[in-house]
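Chain identifiers are assigned alphabetically (A, B, ...) following the order of the sequence lines, protein sequences preceding nucleic acid strands; residue numbering begins at 1 within each chain.
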Protein chains: 2
Amino acid sequence: MSSSTHKGIFTISELAQELDISTRTIRYYEEIGLILPQRSGKGTRYYTRSDRARLKLILRGKRFGFSLHEIKEMITLFDEDRTGRKQLQRTIQYGEEKIRELDARIDELIRLREEILEFKTRFEEKMASLEAVEGNRESKE
Amino acid sequence: MSSSTHKGIFTISELAQELDISTRTIRYYEEIGLILPQRSGKGTRYYTRSDRARLKLILRGKRFGFSLHEIKEMITLFDEDRTGRKQLQRTIQYGEEKIRELDARIDELIRLREEILEFKTRFEEKMASLEAVEGNRESKE
DNA sequence: TCATTATATAACGTTAACGTCAACGTAATT
DNA sequence: AATTACGTTGACGTTAACGTTATATAATGA
């Protein structure tokens, strides 16, 4: 078993296992600047629970078809030290825009669900009619 | 302008424009068996509104991060002439499974929305506090 | 009918997002 | 000291999902 200094820091493989991704993936995310873990004296990466939360957010974004580039844009936006009110306001506007996009997506997803449900219903009807013709009895009620 | 025999059949470029994708993309979807448009005597593809609906469904799936392979599985499942009750039942079960998956996704999407909203809220607070000390930009945290 | 587009096939190119493998360092265990 | 287990950095390989020519043919307006 591996290191269990469970105080809120994780090794790369611990995170990989927990999040069900490869270590390569995690390193890749670092390559493209999505995460910046601390390093121990001689290079070993260590991740905080904050890093882990960030990774979860990334994976969540991916599950909805956002590219890593888009994801980066979104999260670094909230990261950076945005001094100046103009910048801050733009950031907030961007956030609002993203929320609106998400609302639209939720609606769309619900419609997709309904469509699939309809597909299924039609199919069930088809099967029912088949059953009627068949006159066969194989009840499973 | 192109052919406008608007009776419910479309050329490939008409569809491409309407759906905002390239003709290459449409042909590619045919390559991998996602659509099978009719052909005119010597090869030209023609698409019905049913084909168009199918394309829309594909694009919708993509927007949610499904791969074309997954999308194919889903829609061809409801396409094929599934004779035999066993097959039909499996199809319906698959449909139910997909619906459950979609429900989970909807939940997740809503959570994502909430997270972003929180980000934004925290930011707004930050800005408000900045505004309080207006002019001075020194205190961090 | 002719010129201009539009479409077809074929084949190679591209990019994102990793997988995989090599070569090495380090830390703990045997 | 050797083995085992994990970590590191390259660097090249792979796959999905198209983009981009090139060349040939078909459809359409003047």
- Measure from NZ or CZ of B:Arg105 to the centre of the six-membered ring of B:Phe66, then state whether that distance is under 6.0 Å and the direction lies within 45° of the axis. yes
- Task: Would you mind reading off the distance between A:Arg39 atom CZ and C:dG25 atom P, rounded to a whole angstrom?
- Result: 17 Å
- Task: Find the distance A:Glu14:CD to D:dA5:P and express it as a whole number of Å.
- Result: 17 Å
- Item | Phosphate contact (C:dC18 OP1 or OP2) by A:Lys62 side-chain N/O below 4.0 Å | yes
- Item | Sugar-phosphate, base or nothing in reach of B:Ile32, heavy atoms under 4.0 Å | nothing
- Query: Is B:Thr11 near enough to C:dA6 that one of its side-chain N or O atoms lies under 4.0 angstrom from OP1 or OP2?
  - Reply: no
- Task: Could you walk me through whether A:Arg113 and B:Ile99 pass the side chain to side chain contact (heavy atoms under 4.5 Å, CB included) test, one step at a time?
- Result: CA-CA 6 Å; A:Arg113 193 209 121 103; B:Ile99 287 170; 3.3 Å; yes
- Query: Given atom CD1 of A:Ile58 and atom C1' of C:dC18, what is their separation to the nearest angstrom?
  - Reply: 14 Å
- Residue mapping more 5' on DNA chain D - nearest nucleotide basis, B:Thr44 or B:Phe66: B:Phe66
- Query: Rounding to a whole Å, what distance do you find between B:Phe10:CZ and C:dT7:P?
  - Reply: 14 Å
- Message: Tell me the interatomic distance from B:Ile12, atom CD1, to D:dA26, atom P, rounded to whole angstroms.
- Response: 17 Å
- Item | salt bridge (Lys or Arg N to Asp or Glu O under 4.0 Å) between B:Arg39 and B:Glu30, intermediate numbers included | CA-CA 12 Å; B:Arg39 303 285 189 126; B:Glu30 185 178 347; 3.0 Å; yes
- Take B:Arg24 and B:Tyr28 through the test side chain to side chain contact (heavy atoms under 4.5 Å, CB included) and record every step on the way to the result. CA-CA 6 Å; B:Arg24 172 67 173 106; B:Tyr28 177 68; 3.5 Å; yes
- Task: Please name all residues satisfying side-chain hydrogen bond (donor to acceptor under 3.5 Å, both in side chains) with A:Arg60, sequence neighbours left out, ordered by chain then number.
- Result: B:Glu115
- Over how many whole Å does the gap from B:Glu31 atom CD to C:dA11 atom C1' extend? 11 Å
- Message: Here's one to test your reading of the geometry: is the NZ or CZ of B:Arg27 within 45 degrees of the ring axis of B:Tyr47 and under 6.0 Å from its centre?
- Response: no
- Task: Please report, rounded to the nearest Å, how far the C1' atom of C:dC18 is from the CG atom of A:Leu55.
- Result: 15 Å
- Query: Is there a residue in residues 17-30 of chain A whose heavy atoms reach under 4.0 Å of DNA chain C, and which residues are they?
  - Reply: A:Ser22, A:Arg24, A:Thr25, A:Tyr28, A:Tyr29
- Task: Whole angstrom is fine here: how far is it from NE2 in A:His69 over to C1' in C:dT15?
- Result: 13 Å
- Does A:Glu14 reach the main-chain N or O of A:Thr11 with its side chain, forming a donor-acceptor pair under 3.5 Å? yes
- Message: Here's a test of your reading of the structure: between B:Leu68 and B:Lys42, which maps to the more 5' nucleotide of DNA chain D?
- Response: B:Leu68
